[in-house]
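Just below is one structure, and these are the notes that go with it.
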Amino acid sequence: MTPLPRAFYARPTVTVARALLGCLLVHETSEGQVVGRLVEVEAYAGARDPASHAYRRTLRSEVMWGRPGIAYVYLSHGIHACMNVVTESLGRPGAVLLRALEPVDGVALMQRWRGIDALRDLAHGPGRLTQAMGITLAHNRADLVGGPLYLAPGDRPTGPITATPRIGISVATDRRWRFVIRGSSCLSRAVR
DNA sequence: ATCTAGATCGGCT
DNA sequence: GCCGATCTAGATG
């Protein structure tokens, strides 16, 4: 499979978020390959988006100013790793949070890593997604162009793309920057 | 030096 | 639906 080129990521964050739906997240590990199709993402911008970690430029959020096409992985609630892909041109902050995917390949591996069997429960949520895909904090700043962890073109959404407010935030809740493939059985939450 | 809220999850009611 | 787990970045004194 061919990784998405860096130019794919070097665009406005919301544009990248929508374009990521249906794409394949691939991780080639020593234990085998795992692949999932993205069905839910959220866009996080910079200085004008108070819900974004890049609302303040700090040690943790600095990566969001980095090269488009690298990973931003952070620890949520002391427990869960959450994965973003960095967007916009170098020096402009932005990232897309990967919230849910449909298992495509390496399902047995995902089931082992997650400790459960049900397909629709393997990666429906940002913390579950990283666990199912074998992604850890060690992948922070990993380059998604030319490494063992990458995104590749996938089947375009068969259903309509729906935009909703982002989940789990307390500010900027009026922005509809969560994008889902409506009708997927693997969403972290049903729509509307 | 200390405090607190957090882009969550799983179990229980 | 509610709650506890678990921990750290970032803010404040």
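Fair warning: this is a prediction, and the values are worked out from it, not measured in the lab. First the proteins, then the strands, lettered A, B, ... as listed; each starts at 1. We use all heavy atoms of the structure for the numbers below, so side chains are in, but hydrogens, waters and symmetry mates are not.
- Side-chain heavy atoms closer than 4.5 Å link hydrophobic residues (I, L, V, M, F, W, Y) into clusters, and following such links, possibly through other members, connects A:F8 to A:M83.
- Rounding to the nearest 0.5 Å places OG1 of A:T29 at 10.5 Å from CG of A:L149.
- Considering only residues two or more places apart in sequence or on other chains, A:T173 meets the side chain to side chain donor-acceptor pair (under 3.5 Å) condition with none of them.
- Taking the charged nitrogens against the carboxylate oxygens, A:D143 and A:R67 do have a contact shorter than 4.0 Å, which makes a salt bridge.
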Please list every donor-acceptor pair under 3.5 Å in which a side-chain atom of residues 72-82 of chain A meets a protein atom from a residue at least two apart or in another chain.
from	atom 1	to	atom 2	distance (Å)
A:Y72	OH	A:H53	ND1	2.7

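- In this structure, A:R178 reaches neither bases nor backbone, as no heavy-atom distance under 4.0 Å exists between it and the strands shown.
- The side chain to side chain contact (heavy atoms under 4.5 Å, CB included) search around A:R156 returns none, not counting sequence neighbours.
- With sequence neighbours excluded, the residues satisfying side chain to side chain donor-acceptor pair (under 3.5 Å) with A:R112 are A:E31.
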Might you work through the side chain to side chain contact (heavy atoms under 4.5 Å, CB included) test for A:L20 and A:L4, ending with a clear yes or no? CA-CA 10 Å; A:L20 277 172; A:L4 295 173; 4.3 Å; yes
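- Screening residues 52-62 of chain A for salt bridge (charged side-chain N to carboxylate O under 4.0 Å, His left out) gives A:R57-A:E62 as the qualifying pairs, with residues at least two apart or on separate chains.
- Rounded to the nearest 0.5 angstrom, A:Y55 OH and A:R48 CZ are separated by 11.5 Å.
- Taken residue by residue, residues 70-87 of chain A places heavy atoms nearer than 4.0 Å to DNA chain B at A:Y74, A:S76, A:H77, A:G78, A:H80, A:N84.
- Partners of A:R37 under the salt bridge (Lys or Arg N to Asp or Glu O under 4.0 Å) rule, at least two apart in sequence or in another chain, are A:E102.
- The hydrophobic cluster containing A:V86 does not contain A:L98, counting ILVMFWY residues as joined when their side-chain heavy atoms lie under 4.5 angstrom apart, directly or transitively.
- Contacts between residues 37-51 of chain A and DNA chain C, defined by a heavy-atom separation under 4.0 Å, are absent.
- Hydrophobic cluster membership differs between A:M64 and A:V14, with clusters built from Ile, Leu, Val, Met, Phe, Trp and Tyr side chains linked at under 4.5 angstrom.
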Could you list, one pair per line, each protein nitrogen or oxygen that sits under 3.5 Å from a nitrogen or oxygen of nucleotides 11-13 of chain C, together with the distance?
from	atom 1	to	atom 2	distance (Å)
C:dA11	OP1	A:R56	NE	3.2

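- DNA chain B forms stems at B:1-6 with C:7-12, B:8-12 with C:1-5, each a run of 3 or more consecutive Watson-Crick or G-U wobble pairs whose two key distances fall under 3.5 Å.
- Listed by chain and number, the residues in a side chain to side chain donor-acceptor pair (under 3.5 Å) with A:R166 are A:D49 (sequence neighbours excluded).
- From the 5' end on, the contacts that DNA chain B makes with chain A at under 4.0 Å to a non-hydrogen atom open and close at B:dG6 to B:dG10.
- Looking at A:R189, A:R182, A:R178 one by one, the single match for side-chain hydrogen bond (donor to acceptor under 3.5 Å, both in side chains) with A:T164 turns out to be A:R178.
- Nucleic acid contact class of A:R60 (heavy atoms, under 4.0 Å, all strands): sugar-phosphate only.
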